[in-house]
Structure formats: C-alpha cells, structure tokens
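Step one of this worksheet: look at the structure below.
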Amino acid sequence: MLEEIYAHVLRRNPGEREFHQAVREVLESLPVVVERRPELCDGSLLDRLCEPERQVIFRVPWTDDEGRVHVNRGFRVEFNSALGPYKGGLRFHPTVNLDIVKFLAFEQTFKNALTGMPIGGGKGGSDFDPKGRSDAEVMRFCQSFMTELQRHIGEHTDVPAGDTGVGAREIGYLFGQYRRITNRFEAGVLTGKGVGWGGSHARPEATGYGLVVFTAEMLRVRDLDLDGMRVVVSGSGNVAIHAAEKAAASGATVVACSDSGGYVVDEGGLDLDLLKQVKLTDRARLSAYAEQRGADAEYREGGRVWDVACDVALPCATQNELDEDAARTLIGNGVRAVAEGANMPTTPEAVRALREADVLFAPGKAANAGGVATSALEMQQNASRTLWTFEKTEDRLTEIMKHIHHTCHETAERYGRPGDYVAGANIAGFELVGESMQAQGII
Ligand code: GLU
C-alpha cells in the first residue's frame with residue numbers, strides 16, 4: 001500500500017524531487033505502523049496526508065532603486081491544519097520554487113506536531129534574492145508580496161514567519177503592510193516580530209539553541225557530553241550562529257562554519273561576536289570575518305566544511321548539503337553525532353551511511369523544531385497580550401526540546417527501532433497528525 005501511495009505522489013507531482021524525497025523518507029518509516037495500527041493507516045488518510053490542503057502561487061511585481069520593474073513569484077503552501085492554523089516560515093532565495101516550498105511544508109507538518117503545540121503545517125516564500133538589495137528595495141518587495149499574501153493568512157488561519165532570507169527586517173516590512181491593509185494590529189498573524197511590537201524574546205536564538213539542547217540529550221543517552229567536544233557547523237546565518245553560541249556555552253569548541261563562498265577554520269573557537277557583526281549586521285561574506293579576525297582564522301574559498309575533523313557536525317545551511325561522500329569523511333574523522341539545524345540537509349544516502357556507522361543522527365523535523373516551537377510561544381504571548389522574560393521563554397524552549405527528544409527516542413524504541421531518531425520522529429509526528437485527521441473526518 002505504501003508503494004502505491006508513493007507512486008501516486010510521483011505521478012501527481014512530476015519533477016518535484018525534494019518533495020518526493022521528503023515524502024519517501026516519511027513513508028519508509030511507516031511499514032511498522034501499518035502493521036500495528038492498520039486502522040490509522042488506511043489509504044485515504046495517507047493519500048490526504050500527502051496532498052496539500054491548499055497551494056497559492058502569485059505574481060510579485062516590484063520596482064528597484066533605478067526604477068526597473070522586476071517580477072518574482074510568490075508561494076504559500078498550506079499543507080495541513082488538523083492540529084491548528086497553518087504555521088511555517090517564508091523563504092526568500094533564488095532557488096525557491098513550488099517543489100521546495102512543498103517539501104518544506106510537508107516536513108513542517110510533522111515538525112510542528114512534535115512540538116506538542118497547536119499548530120498545523122505550511123510554508124511559503126519567493127524566488128526573490130535579497131542579496132545585494134537595498135533596504136528600500138527589500139521593503140518594496142515585502143510590501144508587494146504581502147499585498148497578495150494578506151488575503152490568505154490570519155492569526156487563526158495561517159501564521160507565517162522567517163526562514164532563509166527572511167529575518168527581523170523582512171518580518172517588520174511584511175507586518176507593517178499587513179497592518180496597513182487590514183487596519184488591524186493582529187499581532188498573532190506573523191511570528192519573529194521585534195520584541196517591542198509583539199515579538200518574543202529568544203525567537204532569534206531558538207532554532208540554534210534548541211538544536212544544541214536536542215544534541216546534548218542525544219549524546220547523554222550514550223553517556224557523552226558536549227563539554228570538550230569539537231563542533232563544526234555549516235552555514236553562518238541565524239541558525240548556525242546561535243547553534244555555535246549555545247554549543248560554545250556548553251563547553252564545546254566550534255572550530256568552523258561556512259557560507260556559499262567558502263568556509264572558515266578557527267582552531268581556538270569562532271569569535272561569535274565578530275561573526276554576528278559580519279554576517280547578521282553587515283550582511284557581508286565570511287571572508288570578511290577571516291580578514292578581521294587575523295592570524296587565528298583561516299578562510300578556504302570553495303571546498304567543503306565537512307573536511308574539518310569534528311565530534312559533532314551541525315548542518316545548518318540548506319537542503320541536501322551533506323552527501324554520502326561528506327558523511328564518509330566525517331565518519332573517517334570519528335564524528336559521534338550529526339544533528340540537522342537546516343531542513344533536510346543530509347541526503348538519504350548520507351543518513352544511511354551515518355546510521356550504519358552507528359553515528360547518532362537527529363533529523364531536522366525533530367532537532368530544529370525549537371524555532372517554530374518558540375513561534376508558537378510568541379502566538380501564545382500575543383493571544384494573552386503579554387511578554388515573557390528571556391529566561392522564562394528559554395526555559396519553555398528547553399523543556400519542549402527535551403520533550404521532543406524523549407518522544408522520538410521512546411517512539412523508536414516502542415516500534416522496535418531503538419536509537420533510530422528518523423523513525424521515531426516520523427512515526428510520532430505521523431501518529432499525532434493522523435489521529436487528529438481521523439477524528440475530524442474525511443475533509
Ligand atoms: N522556518 C522555521 C522552520 O523551518 C521556523 C518557522 C516558524 O517559526 O514558523 O521551522
């Protein structure tokens with residue numbers, strides 16, 4: 001039956017390779033559930049689960065600083081709302097297309113279920129490239145994008161947030177335009193807002209911090225500790241930098257990170273204040289970090305950050321960035337754990353190689369769920385018109401990440417796949433979404 005459902009997905013969504021990959025990875029975890037809980041796994045439920053509830057594609061025209069008109073494409077895929085309003089980020093990057101948004105929305109559905117918060121799954125974005133654009137251009141793009149998106153979203157309907165290329169600046173412009181068009185200060189319609197106007201403390205830190213909490217929990221099962229370990233992260237955006245910060249605070253030495261141009265090795269540990277300045281404030285290249293850091297850091301143009309030996313690898317850049325070859329290099333260098341900060345950064349072949357070598361592996365839909373979980377905490381604060389302290393918010397985040405780890409670990413064990421966090425996350429996420437879909441009838 002699962003093969004038939006997968007064949008149907010292939011037929012209906014031709015050429016959408018990332019979406020196929022994400023669906024396949026979930027379906028591959030389900031035979032044991034089909035066997036034990038046939039009542040939950042009837043074909044109709046699985047068919048419905050693999051079909052988005054709604055997909056919106058729209059034109060986004062905008063004018064650059066020279067007066068030239070550009071036309072981008074906007075997307076919002078509202079995948080599943082059995083557990084709550086659609087929830088998930090917006091990605092602005094030239095690689096964005098329907099395939100990418102669909103795979104992300106599908107993953108998001110299970111991730112959001114694992115948080116235990118009342119949120120469904122969605123994702124959106126555009127092939128707009130913010131790189132090299134002025135603030136005024138980014139603002140005009142965001143205003144045009146929201147002019148269409150606003151008719152599809154709402155605090156009880158669909159709640160977007162950030163992802164690659166969408167941070168506090170973009171959320172600000174998007175929220176401003178939404179407020180202007182609707183004439184409502186509807187704080188709960190977007191998350192990742194500034195703390196002064198409805199945002200939550202710890203939201204920027206949440207994905208990276210949560211990733212490290214999950215990694216530490218996973219290591220603890222094997223009596224290992226991050227303290228004293230060498231960590232490599234890929235990427236140098238919001239997730240990578242805050243993962244590095246939390247890992248360093250846990251006693252690890254974060255020796256390398258990367259961007260699309262190359263990577264930097266800093267044997268004494270990355271200077272995170274400088275990294276934040278270069279990447280988050282100046283929006284500059286990593287080579288600028290190496291120039292300012294001086295003799296301590298070595299910048300390598302191109303190449304692969306996974307060649308740097310480490311105990312823990314945290315892929316925090318983008319999908320399918322860690323392939324089988326990279327996994328074999330990591331294994332050869334004695335890696336103990338790989339945990340995904342990005343969404344689906346590890347190829348299926350690489351995951352297999354890591355599992356066969358008995359390396360701990362945490363899939364993104366569990367390990368990077370801290371971001372969206374904290375978005376749900378932001379919604380909770382908006383609904384009660386309060387602002388929690390940083391400490392209270394971080395405590396809740398830590399609690400949620402430990403709960404997700406426990407759920408994945410316990411579910412894998414219960415279904416006879418001990419230590420398999422991929423199976424644990426997929427099965428637990430599926431049970432939560434599937435049970436709610438079943439209770440709500442065929443819709
Ligand atoms: N884009 C993030 C993710 O992949 C966060 C989404 C959100 O906060 O809604 O989970």
Side-chain angles (χ1 to χ4, degrees), residues 18 22 75-81 83-93 96 100-126 149 153-155 157-168 170-171 174-175 187-194 198-211 214 235 237-240 242-243 314-319 339-345 362-382 393 396-397 400-401 404 425 429:
E18 271 80 7
F75 301 90
R76 188 71 183 166
V77 172
E78 299 180 330
F79 218 105
N80 194 299
S81 59
L83 297 181
Y86 308 106
K87 182 82 197 86
L90 299 170
R91 177 177 292 190
F92 291 170
H93 194 269
V96 167
I100 297 289
V101 179
K102 249 158 95 173
F103 116 67
L104 289 166
F106 183 76
E107 288 273 299
Q108 196 85 43
T109 300
F110 301 96
K111 179 195 313 196
N112 293 3
L114 287 171
T115 66
M117 309 291 287
I119 42 179
K123 203 88 184 192
S126 173
L149 186 69
I153 63 176
E155 64 177 326
T157 309
D158 184 354
V159 183
D163 196 83
T164 308
V166 178
E170 290 74 17
I171 293 295
L174 291 164
F175 185 72
V189 71
L190 288 173
T191 62
K193 300 180 295 296
S200 172
H201 284 297
R203 177 64 191 87
E205 292 83 358
T207 312
Y209 280 21
L211 174 67
F214 193 98
N238 186 48
V239 179
H242 290 109
L314 303 175
C316 298
T318 194
Q319 62 273 359
E340 296 186 325
N343 292 312
M344 211 170 73
K365 64 170 79 74
N368 74 32
V372 76
T374 307
S375 277
L377 299 179
E378 184 172 331
M379 291 161 73
Q380 193 178 334
Q381 291 169 77
N382 293 152
T393 318
R396 276 293 290 131
L397 164 66
I400 292 169
M401 292 314 297
I404 297 172

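Counting starts at 1 for both ligands and their atoms, following the listed order. Hydrogens, waters and symmetry mates play no part in the numbers below; they use all other heavy atoms, side chains included.
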Applying a heavy-atom cut-off of 4.0 Å, say which part of Lys123 lies close to ligand 1: side chain, backbone, both or neither.
side chain
Do Ile153 and Pro160 have side chains that get closer than 4.5 Å, going by heavy atoms?
yes
Which of the atoms of ligand 1 are close to Ala161, meaning less than 4.0 Å from one of its heavy atoms?
7 (C), 8 (O), 9 (O)
Under 3.5 Å, is there a donor-acceptor pair between the side chain of Lys87 and the main chain of Gly84?
no
Decide whether the shortest distance between a heavy atom of Glu107 and an atom of ligand 1 is less than 4.0 Å.
no
Within the 4.5 Å heavy-atom criterion, are Lys123 and Asp163 side-chain neighbours or not?
yes
At under 4.0 Å between heavy atoms, is it the side chain or the backbone of Thr207 that contacts ligand 1, or both, or neither?
neither
Here the gap from Lys111 atom NZ to Phe106 atom CZ, rounded to the nearest 0.5 Å, amounts to 13.5 Å
Is there a heavy atom in Pro160 that sits closer than 4.0 Å to ligand 1?
no
Which protein heavy atom lies closest to atom 6 (C) of ligand 1, and at what distance to 0.1 Å?
Gly89 N, 3.5 Å
For atom 8 (O) of ligand 1, what is the nearest protein heavy atom, given as residue, atom name and distance?
Ser375 OG, 2.6 Å
Does only the side chain of Gln108 get under 4.0 Å from ligand 1, or the backbone, or both, or neither? Count heavy atoms.
side chain
Please determine whether any non-hydrogen atom of Lys111 lies less than 4.0 Å from an atom of ligand 1.
yes
Geometric N/O contact Gly162 with ligand 1, under 3.5 angstrom:
yes
Could you identify the single nearest non-hydrogen protein atom to atom 1 (N) of ligand 1 and state the distance to 0.1 Å?
Asp163 OD1, 2.8 Å
What protein heavy atom sits nearest atom 5 (C) of ligand 1, and how far away is it?
Arg203 NH2, 3.4 Å
Answer yes or no: is there an ion pair linking Arg203 with Glu378, defined by an N-O contact shorter than 4.0 Å?
no
Heteroatom distance test (Asn368, ligand 1): nitrogen or oxygen, under 3.5 angstrom:
no
Is the backbone N or O of Gly120 less than 3.5 Å from a side-chain atom of Asn80, with the two atoms forming a donor-acceptor pair by type?
no
Judged by atom type as modelled, is there a donor-acceptor pair below 3.5 Å linking the side chain of Asn382 to the main-chain atoms of Gly198?
yes
Can you pull out the closest protein heavy atom to atom 9 (O) of ligand 1? Residue, atom name and distance to 0.1 Å, please.
Lys87 NZ, 2.7 Å
Decide side chain to side chain contact (heavy atoms under 4.5 Å, CB included) for Val239 and Asn368; before the verdict, give the C-alpha distance in whole Å, the side-chain angles of both, and the deciding distance to 0.1 Å.
CA-CA 9 Å; Val239 179; Asn368 74 32; 5.7 Å; no
Determine yes or no for a side-chain-to-main-chain donor-acceptor pair under 3.5 angstrom, with Thr374 supplying the side chain and Gly370 the backbone.
yes
